[in-house]
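These notes concern the structure reproduced below.
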Number of protein chains: 2
Amino acid sequence: MDKLTLHEDPRSGHCYKIRLTAALLGLPLERRMYDIMRGDTRKPEFLQTVNANGRIPVLQIGKRFLPESNAACWYLAEGSKLILSDRFERADMLRWMFFEQYNHEPNVATLRFWLLFVGEGNLSKFQRDQIPAKRAGGEAALAMMNDHLAQHDWLVGGKVSLADIALYPYTHVCEAGGFRLRDYPAVCGWLKRIEKLKGYVPMD
Amino acid sequence: MDKLTLHEDPRSGHCYKIRLTAALLGLPLERRMYDIMRGDTRKPEFLQTVNANGRIPVLQIGKRFLPESNAACWYLAEGSKLILSDRFERADMLRWMFFEQYNHEPNVATLRFWLLFVGEGNLSKFQRDQIPAKRAGGEAALAMMNDHLAQHDWLVGGKVSLADIALYPYTHVCEAGGFRLRDYPAVCGWLKRIEKLKGYVPMD
(Lines give C-alpha, C1' and ligand atoms only; values in the text may rest on other atoms or scores of the structure.)
Protein backbone atom coordinates (compact mmCIF):
# COMPACT_ATOMS: atom_id res chain seq x y z
CA MET A 1 0.00 0.00 0.00
CA ASP A 2 1.16 3.56 -0.69
CA LYS A 3 2.30 5.62 2.30
CA LEU A 4 -0.66 6.80 4.40
CA THR A 5 -0.79 10.30 5.90
CA LEU A 6 -3.69 11.60 7.96
CA HIS A 7 -4.28 15.35 7.69
CA GLU A 8 -6.04 16.02 10.97
CA ASP A 9 -6.92 18.04 14.04
CA PRO A 10 -6.66 15.63 16.98
CA ARG A 11 -9.69 17.23 18.69
CA SER A 12 -11.91 15.98 15.86
CA GLY A 13 -13.75 12.71 16.32
CA HIS A 14 -13.80 12.25 12.55
CA CYS A 15 -9.99 12.28 12.49
CA TYR A 16 -9.84 9.87 15.44
CA LYS A 17 -12.21 7.54 13.55
CA ILE A 18 -9.59 7.03 10.84
CA ARG A 19 -6.78 6.66 13.37
CA LEU A 20 -8.82 4.03 15.27
CA THR A 21 -9.58 2.11 12.06
CA ALA A 22 -5.88 2.09 11.12
CA ALA A 23 -4.91 0.98 14.65
CA LEU A 24 -7.41 -1.90 14.67
CA LEU A 25 -6.03 -3.01 11.30
CA GLY A 26 -2.38 -2.52 12.32
CA LEU A 27 -1.74 -0.01 9.52
CA PRO A 28 0.95 2.66 10.02
CA LEU A 29 -0.31 6.21 9.61
CA GLU A 30 1.71 9.40 9.58
CA ARG A 31 -0.05 12.36 11.17
CA ARG A 32 0.00 15.96 9.97
CA MET A 33 -1.65 18.40 12.37
CA TYR A 34 -3.85 21.41 11.64
CA ASP A 35 -5.63 23.80 14.00
CA ILE A 36 -9.19 24.21 12.70
CA MET A 37 -9.87 26.98 15.25
CA ARG A 38 -7.12 29.07 13.61
CA GLY A 39 -8.49 28.44 10.12
CA ASP A 40 -5.59 26.24 8.98
CA THR A 41 -7.91 24.27 6.66
CA ARG A 42 -9.32 27.40 4.95
CA LYS A 43 -5.94 28.58 3.66
CA PRO A 44 -5.42 28.64 -0.14
CA GLU A 45 -2.68 26.00 -0.08
CA PHE A 46 -4.90 23.55 1.82
CA LEU A 47 -7.91 24.24 -0.42
CA GLN A 48 -5.86 23.77 -3.59
CA THR A 49 -3.88 20.70 -2.57
CA VAL A 50 -5.61 18.77 0.19
CA ASN A 51 -9.38 19.42 0.10
CA ALA A 52 -11.40 22.01 -1.83
CA ASN A 53 -14.12 21.56 0.80
CA GLY A 54 -11.83 23.11 3.45
CA ARG A 55 -12.30 20.30 5.93
CA ILE A 56 -10.31 17.68 7.74
CA PRO A 57 -9.80 14.78 8.01
CA VAL A 58 -8.24 13.95 4.68
CA LEU A 59 -6.46 10.65 4.17
CA GLN A 60 -3.49 11.01 1.84
CA ILE A 61 -2.62 7.82 -0.01
CA GLY A 62 0.67 8.35 -1.80
CA LYS A 63 0.00 11.53 -3.78
CA ARG A 64 -3.81 11.20 -3.79
CA PHE A 65 -6.15 12.84 -1.28
CA LEU A 66 -9.35 11.31 0.09
CA PRO A 67 -11.70 13.54 2.13
CA GLU A 68 -14.66 12.35 4.23
CA SER A 69 -13.84 10.23 7.27
CA ASN A 70 -16.14 7.32 6.45
CA ALA A 71 -14.76 7.05 2.90
CA ALA A 72 -11.23 7.01 4.34
CA CYS A 73 -12.18 4.25 6.80
CA TRP A 74 -13.68 2.27 3.92
CA TYR A 75 -10.44 2.63 1.93
CA LEU A 76 -8.34 1.38 4.85
CA ALA A 77 -10.66 -1.51 5.70
CA GLU A 78 -11.17 -2.97 2.21
CA GLY A 79 -10.45 -6.69 2.32
CA SER A 80 -10.50 -6.80 6.15
CA LYS A 81 -13.07 -8.16 8.60
CA LEU A 82 -14.20 -4.59 9.40
CA ILE A 83 -16.20 -4.65 6.13
CA LEU A 84 -18.81 -7.38 6.48
CA SER A 85 -18.87 -10.07 3.81
CA ASP A 86 -22.64 -10.57 3.49
CA ARG A 87 -24.23 -8.31 0.86
CA PHE A 88 -27.16 -7.17 3.00
CA GLU A 89 -24.99 -6.69 6.08
CA ARG A 90 -22.44 -4.67 4.09
CA ALA A 91 -25.18 -2.31 2.89
CA ASP A 92 -26.68 -2.21 6.41
CA MET A 93 -23.23 -1.21 7.70
CA LEU A 94 -23.22 1.70 5.22
CA ARG A 95 -26.74 2.54 6.44
CA TRP A 96 -25.38 3.26 9.94
CA MET A 97 -22.46 5.22 8.45
CA PHE A 98 -24.86 7.49 6.52
CA PHE A 99 -27.02 7.77 9.67
CA GLU A 100 -23.88 8.92 11.48
CA GLN A 101 -23.32 11.72 8.96
CA TYR A 102 -26.95 12.83 8.75
CA ASN A 103 -28.56 12.23 12.15
CA HIS A 104 -25.75 11.84 14.68
CA GLU A 105 -22.80 14.09 13.84
CA PRO A 106 -24.67 17.35 13.03
CA ASN A 107 -26.28 17.13 16.48
CA VAL A 108 -24.02 15.20 18.86
CA ALA A 109 -20.67 16.41 17.49
CA THR A 110 -21.75 19.99 16.77
CA LEU A 111 -22.97 20.54 20.33
CA ARG A 112 -19.64 19.20 21.67
CA PHE A 113 -17.76 21.56 19.34
CA TRP A 114 -19.87 24.55 20.36
CA LEU A 115 -19.85 23.91 24.10
CA LEU A 116 -16.31 22.52 24.53
CA PHE A 117 -14.23 24.43 21.96
CA VAL A 118 -16.17 27.60 21.02
CA GLY A 119 -17.65 28.05 24.50
CA GLU A 120 -21.31 28.74 25.28
CA GLY A 121 -20.65 32.44 25.93
CA ASN A 122 -19.02 32.87 22.52
CA LEU A 123 -21.86 31.34 20.50
CA SER A 124 -23.82 33.58 18.14
CA LYS A 125 -27.56 34.01 18.68
CA PHE A 126 -28.07 31.93 15.51
CA GLN A 127 -26.07 29.09 17.06
CA ARG A 128 -27.79 29.38 20.46
CA ASP A 129 -31.20 29.27 18.78
CA GLN A 130 -30.28 25.93 17.21
CA ILE A 131 -29.31 24.24 20.49
CA PRO A 132 -32.79 22.86 21.39
CA ALA A 133 -33.25 21.24 17.94
CA LYS A 134 -29.74 19.80 18.01
CA ARG A 135 -30.29 18.53 21.56
CA ALA A 136 -33.52 16.78 20.49
CA GLY A 137 -31.93 15.40 17.31
CA GLY A 138 -28.90 14.09 19.19
CA GLU A 139 -31.06 12.47 21.87
CA ALA A 140 -33.16 10.80 19.17
CA ALA A 141 -30.02 9.44 17.46
CA LEU A 142 -28.59 8.12 20.74
CA ALA A 143 -31.96 6.60 21.68
CA MET A 144 -32.17 4.83 18.31
CA MET A 145 -28.69 3.38 18.84
CA ASN A 146 -29.60 2.38 22.39
CA ASP A 147 -32.79 0.59 21.32
CA HIS A 148 -30.85 -1.32 18.67
CA LEU A 149 -27.91 -2.15 20.96
CA ALA A 150 -30.29 -3.39 23.67
CA GLN A 151 -30.96 -6.29 21.26
CA HIS A 152 -27.55 -6.64 19.57
CA ASP A 153 -23.92 -6.59 20.78
CA TRP A 154 -22.80 -4.78 17.59
CA LEU A 155 -24.66 -2.54 15.16
CA VAL A 156 -24.64 -5.04 12.27
CA GLY A 157 -24.06 -8.73 11.73
CA GLY A 158 -23.12 -9.81 15.25
CA LYS A 159 -19.54 -8.56 14.98
CA VAL A 160 -17.57 -5.34 15.00
CA SER A 161 -17.57 -3.45 11.70
CA LEU A 162 -17.01 0.04 10.32
CA ALA A 163 -20.55 0.89 11.47
CA ASP A 164 -19.38 0.64 15.08
CA ILE A 165 -16.10 2.45 14.40
CA ALA A 166 -17.96 5.31 12.64
CA LEU A 167 -20.35 5.89 15.53
CA TYR A 168 -17.95 5.33 18.43
CA PRO A 169 -15.88 8.57 18.40
CA TYR A 170 -18.55 11.22 18.94
CA THR A 171 -20.74 8.92 21.02
CA HIS A 172 -18.05 8.20 23.62
CA VAL A 173 -17.39 11.93 24.17
CA CYS A 174 -21.03 13.05 23.87
CA GLU A 175 -21.16 14.30 27.48
CA ALA A 176 -18.94 17.23 26.42
CA GLY A 177 -21.95 18.29 24.32
CA GLY A 178 -24.34 18.02 27.26
CA PHE A 179 -25.72 14.53 26.58
CA ARG A 180 -25.92 12.01 29.44
CA LEU A 181 -24.46 8.61 28.64
CA ARG A 182 -26.21 7.05 31.66
CA ASP A 183 -29.50 7.59 29.80
CA TYR A 184 -28.30 5.04 27.22
CA PRO A 185 -27.15 1.93 29.11
CA ALA A 186 -26.96 -0.34 26.05
CA VAL A 187 -24.76 2.27 24.35
CA CYS A 188 -22.48 2.25 27.44
CA GLY A 189 -22.06 -1.54 27.19
CA TRP A 190 -21.23 -1.25 23.48
CA LEU A 191 -18.62 1.49 24.15
CA LYS A 192 -16.89 -0.90 26.59
CA ARG A 193 -16.88 -3.71 24.01
CA ILE A 194 -15.18 -1.40 21.50
CA GLU A 195 -12.60 -0.31 24.08
CA LYS A 196 -11.61 -3.97 24.63
CA LEU A 197 -10.87 -4.62 20.94
CA LYS A 198 -7.31 -5.70 20.13
CA GLY A 199 -5.40 -2.70 18.78
CA TYR A 200 -7.81 -0.11 20.27
CA VAL A 201 -6.25 3.32 20.77
CA PRO A 202 -7.88 6.14 22.77
CA MET A 203 -8.62 9.62 21.45
CA ASP A 204 -5.77 12.08 22.18
CA MET B 1 -32.37 -11.70 -5.78
CA ASP B 2 -35.22 -11.44 -3.28
CA LYS B 3 -38.21 -9.33 -4.26
CA LEU B 4 -37.45 -5.61 -4.04
CA THR B 5 -40.00 -3.11 -2.68
CA LEU B 6 -39.34 0.60 -2.35
CA HIS B 7 -41.17 2.30 0.52
CA GLU B 8 -41.32 5.88 -0.74
CA ASP B 9 -42.86 9.28 -1.22
CA PRO B 10 -42.42 10.11 -4.92
CA ARG B 11 -41.73 13.80 -4.13
CA SER B 12 -38.50 12.79 -2.35
CA GLY B 13 -35.28 12.94 -4.32
CA HIS B 14 -33.83 10.27 -2.04
CA CYS B 15 -36.56 7.86 -3.10
CA TYR B 16 -36.04 8.76 -6.77
CA LYS B 17 -32.32 8.04 -6.33
CA ILE B 18 -33.08 4.38 -5.61
CA ARG B 19 -35.63 4.15 -8.42
CA LEU B 20 -33.08 5.65 -10.85
CA THR B 21 -30.37 3.20 -9.73
CA ALA B 22 -32.75 0.25 -10.21
CA ALA B 23 -33.81 1.57 -13.64
CA LEU B 24 -30.21 1.99 -14.84
CA LEU B 25 -29.50 -1.58 -13.69
CA GLY B 26 -32.75 -3.00 -15.15
CA LEU B 27 -33.93 -4.25 -11.75
CA PRO B 28 -37.69 -4.52 -11.11
CA LEU B 29 -38.88 -2.57 -8.07
CA GLU B 30 -42.34 -2.58 -6.53
CA ARG B 31 -43.37 0.77 -5.10
CA ARG B 32 -45.31 1.39 -1.90
CA MET B 33 -46.37 5.00 -1.42
CA TYR B 34 -46.47 7.10 1.76
CA ASP B 35 -47.37 10.76 2.28
CA ILE B 36 -44.69 12.28 4.50
CA MET B 37 -46.68 15.53 4.81
CA ARG B 38 -49.48 13.55 6.51
CA GLY B 39 -47.06 11.83 8.87
CA ASP B 40 -47.42 8.36 7.31
CA THR B 41 -43.85 7.47 8.29
CA ARG B 42 -44.25 8.46 11.95
CA LYS B 43 -47.06 5.98 12.62
CA PRO B 44 -46.33 3.14 15.10
CA GLU B 45 -46.67 0.40 12.47
CA PHE B 46 -44.12 2.07 10.20
CA LEU B 47 -41.71 2.73 13.07
CA GLN B 48 -41.95 -0.87 14.32
CA THR B 49 -41.76 -2.65 10.97
CA VAL B 50 -40.12 -0.49 8.31
CA ASN B 51 -37.79 2.07 9.94
CA ALA B 52 -37.39 3.07 13.59
CA ASN B 53 -35.92 6.36 12.32
CA GLY B 54 -39.35 7.31 10.86
CA ARG B 55 -37.97 8.12 7.43
CA ILE B 56 -38.32 7.04 3.86
CA PRO B 57 -36.95 5.75 1.57
CA VAL B 58 -36.54 2.21 2.83
CA LEU B 59 -35.62 -0.58 0.43
CA GLN B 60 -37.28 -3.85 1.38
CA ILE B 61 -35.37 -6.92 0.23
CA GLY B 62 -37.54 -9.94 0.83
CA LYS B 63 -38.43 -9.57 4.51
CA ARG B 64 -35.49 -7.33 5.41
CA PHE B 65 -35.58 -3.52 5.52
CA LEU B 66 -32.71 -1.23 4.52
CA PRO B 67 -33.05 2.51 5.31
CA GLU B 68 -30.77 5.29 3.95
CA SER B 69 -30.95 5.95 0.23
CA ASN B 70 -27.22 5.67 -0.46
CA ALA B 71 -26.99 2.34 1.35
CA ALA B 72 -29.94 1.07 -0.71
CA CYS B 73 -28.25 2.19 -3.95
CA TRP B 74 -25.08 0.41 -2.86
CA TYR B 75 -27.04 -2.81 -2.22
CA LEU B 76 -28.65 -2.68 -5.67
CA ALA B 77 -25.42 -1.82 -7.50
CA GLU B 78 -23.10 -4.43 -5.96
CA GLY B 79 -21.33 -6.29 -8.73
CA SER B 80 -22.36 -3.75 -11.40
CA LYS B 81 -20.39 -1.05 -13.19
CA LEU B 82 -22.06 1.63 -11.02
CA ILE B 83 -19.59 0.67 -8.24
CA LEU B 84 -16.11 1.44 -9.53
CA SER B 85 -13.59 -1.39 -9.47
CA ASP B 86 -10.46 0.56 -8.47
CA ARG B 87 -9.94 0.69 -4.69
CA PHE B 88 -9.18 4.42 -4.52
CA GLU B 89 -11.97 5.34 -6.94
CA ARG B 90 -14.48 3.23 -5.01
CA ALA B 91 -13.60 5.08 -1.80
CA ASP B 92 -13.66 8.41 -3.67
CA MET B 93 -17.15 7.52 -4.91
CA LEU B 94 -18.23 7.02 -1.29
CA ARG B 95 -16.58 10.36 -0.51
CA TRP B 96 -19.06 12.14 -2.81
CA MET B 97 -21.94 10.12 -1.36
CA PHE B 98 -21.05 11.24 2.17
CA PHE B 99 -20.61 14.80 0.87
CA GLU B 100 -24.13 14.52 -0.52
CA GLN B 101 -25.54 13.62 2.89
CA TYR B 102 -23.55 16.18 4.86
CA ASN B 103 -23.02 19.22 2.62
CA HIS B 104 -25.57 19.00 -0.18
CA GLU B 105 -28.85 17.50 0.99
CA PRO B 106 -29.30 19.42 4.30
CA ASN B 107 -29.03 22.66 2.29
CA VAL B 108 -30.17 22.06 -1.30
CA ALA B 109 -32.94 19.54 -0.57
CA THR B 110 -34.16 21.17 2.63
CA LEU B 111 -34.70 24.55 0.95
CA ARG B 112 -36.67 22.81 -1.85
CA PHE B 113 -38.79 21.03 0.75
CA TRP B 114 -39.45 24.24 2.70
CA LEU B 115 -40.19 26.47 -0.30
CA LEU B 116 -42.01 23.98 -2.56
CA PHE B 117 -43.92 21.74 -0.16
CA VAL B 118 -44.22 23.58 3.18
CA GLY B 119 -44.49 27.02 1.56
CA GLU B 120 -42.51 30.10 2.59
CA GLY B 121 -45.49 31.62 4.40
CA ASN B 122 -45.91 28.51 6.54
CA LEU B 123 -42.32 28.32 7.73
CA SER B 124 -41.59 28.88 11.42
CA LYS B 125 -39.33 31.75 12.45
CA PHE B 126 -36.71 29.11 13.37
CA GLN B 127 -36.84 27.75 9.82
CA ARG B 128 -36.79 31.21 8.21
CA ASP B 129 -33.75 32.17 10.30
CA GLN B 130 -31.87 29.18 8.85
CA ILE B 131 -32.48 30.09 5.20
CA PRO B 132 -29.38 32.31 4.71
CA ALA B 133 -27.01 29.67 6.10
CA LYS B 134 -28.67 26.93 4.05
CA ARG B 135 -28.53 29.13 0.95
CA ALA B 136 -24.78 29.72 1.47
CA GLY B 137 -24.13 26.04 2.24
CA GLY B 138 -26.05 24.90 -0.83
CA GLU B 139 -24.28 27.38 -3.08
CA ALA B 140 -20.91 26.21 -1.75
CA ALA B 141 -21.82 22.57 -2.43
CA LEU B 142 -23.01 23.33 -5.97
CA ALA B 143 -19.90 25.45 -6.64
CA MET B 144 -17.65 22.63 -5.46
CA MET B 145 -19.40 20.22 -7.82
CA ASN B 146 -19.18 22.76 -10.64
CA ASP B 147 -15.43 23.31 -10.15
CA HIS B 148 -14.85 19.56 -10.21
CA LEU B 149 -17.14 18.91 -13.20
CA ALA B 150 -15.45 21.71 -15.17
CA GLN B 151 -12.44 19.35 -15.25
CA HIS B 152 -14.19 15.95 -15.35
CA ASP B 153 -17.20 14.51 -17.20
CA TRP B 154 -18.17 12.40 -14.18
CA LEU B 155 -17.51 12.84 -10.46
CA VAL B 156 -15.10 9.90 -10.18
CA GLY B 157 -13.04 7.68 -12.44
CA GLY B 158 -14.11 9.02 -15.84
CA LYS B 159 -17.37 7.09 -15.90
CA VAL B 160 -20.81 7.19 -14.33
CA SER B 161 -21.03 5.73 -10.83
CA LEU B 162 -23.18 5.85 -7.72
CA ALA B 163 -21.51 9.19 -6.89
CA ASP B 164 -23.28 10.77 -9.87
CA ILE B 165 -26.57 8.99 -9.14
CA ALA B 166 -26.50 10.13 -5.50
CA LEU B 167 -26.00 13.79 -6.37
CA TYR B 168 -28.25 14.01 -9.44
CA PRO B 169 -31.76 14.00 -7.87
CA TYR B 170 -31.66 17.09 -5.66
CA THR B 171 -29.26 18.93 -7.97
CA HIS B 172 -31.52 18.70 -11.01
CA VAL B 173 -34.49 20.16 -9.09
CA CYS B 174 -32.47 22.69 -7.05
CA GLU B 175 -34.25 25.67 -8.64
CA ALA B 176 -37.36 24.76 -6.62
CA GLY B 177 -35.23 25.67 -3.58
CA GLY B 178 -34.22 29.01 -5.06
CA PHE B 179 -30.83 28.01 -6.51
CA ARG B 180 -29.96 29.05 -10.10
CA LEU B 181 -28.64 26.21 -12.26
CA ARG B 182 -27.31 28.69 -14.84
CA ASP B 183 -24.73 29.74 -12.23
CA TYR B 184 -23.23 26.24 -12.53
CA PRO B 185 -22.67 25.53 -16.25
CA ALA B 186 -20.49 22.45 -15.74
CA VAL B 187 -23.19 20.99 -13.50
CA CYS B 188 -25.74 21.61 -16.28
CA GLY B 189 -23.62 19.66 -18.78
CA TRP B 190 -23.29 16.78 -16.31
CA LEU B 191 -27.07 16.70 -15.71
CA LYS B 192 -27.55 16.27 -19.47
CA ARG B 193 -25.04 13.43 -19.59
CA ILE B 194 -26.95 11.60 -16.86
CA GLU B 195 -30.27 12.14 -18.64
CA LYS B 196 -28.85 10.43 -21.75
CA LEU B 197 -27.88 7.23 -19.90
CA LYS B 198 -29.52 4.03 -21.13
CA GLY B 199 -32.40 3.15 -18.80
CA TYR B 200 -32.71 6.68 -17.34
CA VAL B 201 -36.12 7.44 -15.85
CA PRO B 202 -37.31 10.92 -14.85
CA MET B 203 -38.56 11.92 -11.40
CA ASP B 204 -42.36 11.59 -11.08
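These figures come from a predicted structure and were not determined experimentally. Sequence lines set the chain letters: A, B, ... in the order given, protein chains first and strands last, and positions in each chain run from 1.
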Under a 4.5 Å cutoff for heavy-atom pairs, which residue among A:Asp92, A:Leu94, A:Ile61, A:Leu59 has the most contacts with chain B?
A:Leu94
So which part of A:Leu47 gets closer than 4.5 Å to some heavy atom of chain B, the side chain, the backbone, both or neither?
neither
Give me the atom names and distance for the closest heavy-atom approach of A:Ala91 to B:Ala71.
O-CB, 3.4 Å
Is the count of non-hydrogen atoms from other residues, nucleotides or ligands lying under 6.0 Å from A:Arg193 atom CZ greater than 12?
yes
For residues 104-135 of chain B, give me every residue with a non-hydrogen atom less than 4.5 Å from any non-hydrogen atom of chain A.
B:Glu105, B:Pro106, B:Phe126, B:Asp129, B:Gln130, B:Ala133
Top of A:Trp96, A:Trp74, A:Phe99 for chain B proximity - count of heavy-atom pairs under 4.5 angstrom:
A:Trp74
Gap between atom NE2 of A:His148 and atom CG of B:Asn53 - 0.5 Å precision
12.5 Å
Residues, nucleotides or ligands: over 12 heavy atoms within 6.0 Å of A:Arg64 CZ:
yes
Within residues 155-178 of chain B, the residues sitting under 4.5 Å from chain A by heavy atom, in sequence order, are none
Find the distance between CZ (B:Phe88) and CG (A:Asp2) and round it off to the nearest 0.5 Å.
10.0 Å
Contact class of A:Asp147 relative to chain B, heavy atoms under 4.5 angstrom
neither
Under a 4.5 Å heavy-atom cutoff, which of B:Glu78, B:Gln101, B:Met144, B:Arg87 has the most pairs with chain A?
B:Arg87
A:Pro67 to B:Arg95 - nearest heavy-atom pair and separation:
O-CG, 3.3 Å
Are A:Phe98 and B:Phe98, when compared by the centres of their aromatic rings, separated by less than 6.0 Å?
yes
Does any heavy atom of chain B fall under 4.5 Å from the side chain of A:Met97, the backbone, both, or neither of them?
both
